[in-house]
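Working notes, beginning with the structure itself.
Residue numbers begin at 1 in each chain, while the letters A, B, ... track the order of the sequences.
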Amino acid sequence: MNFLYAAYTATWVIHITYLAILVRRYKRLQSEIEELKKSKG
Amino acid sequence: MRRAFPIFALLTAILLSYALYEALVAAPTEQTMGNVQRIFYYHVPSAWTTFLLFTVNLVASLWYLISRSSKADAIAIVTAEVGVVFCTVVLVTGPLWARPVWGIWWTWDVRLTSTLVLWLIYISYLMLRRFSTSGQTPVLAAALAIFGALDIPLVYFSIWIFRTQHPQPVIGGGGSIDSRMWHVLLINWLAFLCFAALICWSRYRLEILQRELEETQALESLLEPRSSR
């Protein structure tokens with residue numbers, strides 16, 4: 001059973017880590033867009 | 001399209017929860033392997049999703065080489081990245097299943113080795129996209145993707161061509177599977193397909209936004225010297 005739970009947990013850890021990376025990239029992009037808007041006035 | 005995204009995300013979450021329940025509770029227990037066989041419901045759908053994503057990457061790369069379409073290039077990078085995530089799941093869940101069943105974590109047999117090679121090819125594809133500053137990067141990446149895709153049939157058919165430790169394929173192979181297990185397997189694959197589509201959708205929007213920002217920044221930097229004069 002330990003191997004079963006380890007496999008299922010590992011799957012979701014991989015997917016959630018990737019989703020977190022996407023969210024971080026999106027936030028960074030949003031702040032860059034905001035900066036660009038401010039610099040344009 | 002933007003309104004459809006949260007609805008699709010909610011439906012995918014419900015489907016994934018139902019698929020998890022089916023895999024852990026409703027599916028019958030396999031006689032020889034016991035409960036550890038349930039790894040099958042995550043391992044196999046992840047592998048099929050990987051093959052599908054890398055095939056879409058191949059089509060998008062060919063489309064890019066023919067048309068030089070920016071949309072095709074964006075689809076190629078998105079499917080390669082999400083495909084690598086699913087391939088990582090396959091490479092992690094495989095040894096976790098092999099250890100209690102075969103007594104070993106890994107063996108250099110053709111199926112396992114060709115899957116690792118597939119993962120390494122697409123990791124190199126992503127590294128090329130990330131670190132190369134050449135204007136020819138999308139063309140080089142598309143060419144690499146075509147060679148990378150040649151490994152997909154090798155991975156799938158390796159267990160027919162060579163004698164391997166890995167079990168026979170579920171579709172078209174010599175192995176048989178209980179109809180209830182089939183049902184659970186297909187539900188899990190559908191759930192992971194929806195999840196992959198959802199991630200690809202988000203990643204595609206991010207890629208388009210990134211490209212638009214880069215274009216705007218490039219235009220700004222071109223205009224800046226004139227305005228400062």
I'd like to verify something: which residue of A/N2, A/T17, A/V13, A/I33 has the highest number of heavy-atom pairs under 4.5 Å with chain B?
A/I33
Can you tell me which portion of A/Y18 sits under 4.5 Å from chain B's heavy atoms? Options are side chain, backbone, both or neither.
side chain
Please state whether the side chain, the backbone, both or neither of B/L16 comes within less than 4.5 Å of a heavy atom of chain A.
side chain
Chain A contacts, top residue of B/N35, B/V36, B/L20, B/T88 (heavy-atom pairs, under 4.5 Å):
B/N35
Interatomic distance, B/F40 atom CZ to A/L4 atom CG [nearest 0.5 angstrom]:
13.5 Å
Say you draw a straight line from CG of A/L22 to CD of B/E81; how long is it, rounded to the nearest 0.5 Å?
6.5 Å
Let me know if B/V92 has heavy atoms under 4.5 Å from chain A in its side chain, its backbone, both or neither.
side chain
Applying a heavy-atom distance below 4.5 Å, give me the residues of residues 211-218 of chain B that approach chain A, sorted by number.
B/L213, B/T216, B/Q217
Counting only N and O atoms by type, is there a donor-acceptor contact under 3.5 Å from the side chain of A/Y8 to the main-chain atoms of B/Y42?
no
CZ of A/R28 to CD of B/Q210, rounded to nearest 0.5 Å, is 7.5 Å
Take the angle between the ring planes of A/W12 and B/F192 and call it parallel below 30°, perpendicular above 60°, tilted in between.
parallel
B/W102/A/F3 aromatic ring centres below 6.0 Å:
no
Gap between atom CG of B/L96 and atom OH of A/Y5 - 0.5 Å precision:
14.5 Å
